[in-house]
There are 2 protein chains.
Amino acid sequence: MAARSQYQELARQLSAVGAVKRGIARILPAECPGGSAAVLTLLARNGEMRISRLADLLAVDMSVTSRHVTHAVESGWIERFPDPADKRSRILRLTPAGEELLDELTRRTTEMFAHNLIDWSDEEVGQLNTLLSRLRDSFACRGTGGCTPGRHSGDCRTGHAEDSHTRTPV
Amino acid sequence: MAARSQYQELARQLSAVGAVKRGIARILPAECPGGSAAVLTLLARNGEMRISRLADLLAVDMSVTSRHVTHAVESGWIERFPDPADKRSRILRLTPAGEELLDELTRRTTEMFAHNLIDWSDEEVGQLNTLLSRLRDSFACRGTGGCTPGRHSGDCRTGHAEDSHTRTPV
DNA sequence: TATTGTTATACTCTATAACTATA
DNA sequence: TATAGTTATAGAGTATAACAATA
């Protein structure tokens with residue numbers, strides 16, 4: 001376990017990450033809010049899936065996910081079709097328009113990162129990714145305030161834990 | 001410069017940090033929203049200061065800072081008194097009640113971190129802090145979408161850059 | 001009964017713009 | 001003219017709770 005003073009520092013650093021996130025959000029196309037961008041990214045990376053799984057990956061409540069998805073559907077970026085295995089569910093899939101938009105998003109964010117992280121080595125970025133991934137795992141599904149919100153589709157140890165270390169983390 | 005695929009990964013990791021932040025926010029006392037907690041923390045760590053400086057440290061617009069401060073003042077946690085050097089400004093300072101609340105906040109967050117980061121070493125937490133601090137610097141005040149929002153009190157290179165490496169980062 | 005998903009409501013955080021007071 | 005700060009307004013993101021349909 002780490003020293004207590006480190007914790008206060010970490011809390012502040014996490015809080016300040018918001019500025020970086022807003023910087024990224026600002027370069028998105030006007031018609032594409034951050035929630036949609038996250039949905040498209042996860043669908044491209046993990047393939048078609050149901051809302052509940054997407055909510056797990058996003059680490060937000062299913063109700064929030066549902067709204068993001070609705071917006072993306074109305075914009076023509078993803079489609080929602082019946083799940084043959086469960087009539088309560090629908091399967092989400094990127095449309096060609098969605099893939100096109102995602103290409104543009106990738107282009108913009110890559111350019112921004114390349115510009116701002118010009119003096120970061122591959123190893124350093126990888127190290128940060130690894131630590132952030134581990135941080136998520138550490139805060140997921142423990143006792144005090146750890147568990148991510150809302151309803152989970154299965155037991156608490158599924159969700160991102162399943163993705164974080166076995167392949168490129170979500 | 002790092003590989004492009006690392007950037008997409010970093011974007012996702014940063015996005016997912018939100019879940020951790022919300023986990024921290026959930027353990028705050030009901031009467032203390034996150035904005036107030038951040039204000040109190042920074043005033044305790046950096047001493048009394050003006051709104052504009054606080055806005056730089058928080059990396060949000062001064063208008064946002066002003067509202068957080070107003071709430072904290074109305075709650076009796078900080079006081080705002082005239083700046084003898086500039087009649088447009090007011091100096092912010094923690095009250096005894098504010099210090100008391102901050103103690104409670106520290107107690108709660110420390111307990112949460114200690115619980116969730118039980119298997120993190122001191123070095124690992126320090127490493128994450130260092131990388132996040134550097135990330136902030138890398139995204140502050142560059143060309144494309146880098147600069148933090150709003151009005152700056154001085155030239156672009158002041159603000160958190162001044163704190164990030166010369167002492168414990170903000 | 002339990003689960004999947006949707007919708008209504010409310011709250012927090014944020015930015016932009018217009019404004020006042022002072023430098 | 002420029003800067004420090006406040007306030008009004010609007011928008012994004014989120015959670016909770018109530019609900020419908022299906023398992």
Side-chain angles (χ1 to χ4, degrees), chain A residues 15-26 28 30-39 49-56 58-71 73-74 80-92 145 147-155, chain B residues 15-26 28 30-39 49-56 58-71 73-74 80-92 145 147-155:
Chain A
S15 171
V17 161
V20 176
K21 289 171 67 176
R22 291 193 300 278
I24 297 173
R26 257 193 300 279
L28 299 179
E31 74 277 14
C32 178
S36 294
V39 164
M49 65 182 80
R50 325 204 289 185
I51 292 263
S52 52
R53 163 117 171 102
L54 187 56
D56 273 348
L58 288 169
V60 299
D61 190 85
M62 214 194 304
S63 66
V64 176
T65 309
S66 180
R67 283 197 3 174
H68 289 330
V69 165
T70 298
H71 181 266
V73 169
E74 287 168 351
R80 227 167 357 186
F81 62 91
D83 181 351
D86 186 339
K87 282 181 183 165
R88 295 171 301 182
S89 289
R90 289 191 279 183
I91 302 293
L92 311 173
C147 227
T148 41
R151 297 141 286 181
H152 294 268
S153 41
D155 101 89
Chain B
S15 171
V17 161
V20 176
K21 288 171 67 175
R22 291 193 299 279
I24 298 173
R26 256 192 301 277
L28 299 179
E31 75 275 14
C32 178
S36 294
V39 164
M49 65 182 80
R50 324 204 290 185
I51 292 264
S52 51
R53 164 117 171 102
L54 187 56
D56 273 348
L58 287 169
V60 299
D61 191 84
M62 213 194 306
S63 66
V64 177
T65 309
S66 179
R67 283 203 357 179
H68 290 329
V69 164
T70 298
H71 182 265
V73 168
E74 286 168 351
R80 228 168 356 188
F81 60 92
D83 181 350
D86 187 339
K87 281 181 185 166
R88 294 171 303 181
S89 288
R90 289 192 279 182
I91 301 293
L92 311 173
C147 227
T148 41
R151 297 142 284 183
H152 294 268
S153 41
D155 101 271

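The closest side-chain heavy-atom distance from B/Val39 to B/Leu58 is below 4.5 Å. In this structure, the side chains of A/Arg90 and A/Asp83 stay at 4.5 Å or more apart for every pair of heavy atoms. The shortest distance between side-chain heavy atoms of A/Ile91 and A/Arg50 falls below 4.5 Å.
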Can you tabulate the close N/O pairs, meaning under 3.5 Å, that link protein atoms to atoms of nucleotides 8-12 of chain C?
none

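Checking D/dG5, C/dG5, C/dA21 against every side-chain atom of B/Arg88, the shortest atom distance belongs to C/dA21. Listed candidates were C/dT22, D/dA15, D/dG5. Nearest to the side chain of A/Asp61 is D/dA15. Distance from the side chain of B/Val60 is smallest to C/dA15 among C/dT4, D/dT6, C/dA15.
Residue B/Arg53 places no side-chain N or O under 4.0 Å from the OP1 or OP2 atom of D/dG5. An OP1 or OP2 oxygen of D/dT14 is reached within less than 4.0 angstrom by a side-chain nitrogen or oxygen of A/His68. Checking the phosphate oxygens (OP1, OP2) of C/dT16, no side-chain nitrogen or oxygen of A/Arg22 falls inside 4.0 Å.
B/Asp86 comes within 4.0 angstrom of sugar-phosphate atoms only, judged by non-hydrogen atoms across all strands, and of no base.
The nearest whole Å value for the distance from the CZ atom in A/Arg26 to the P atom in D/dG11 is 18 Å.
Closest-nucleotide positions on DNA chain C for A/Ile51 and A/Ser15 were compared, and the one nearer the 5' end corresponds to A/Ile51.
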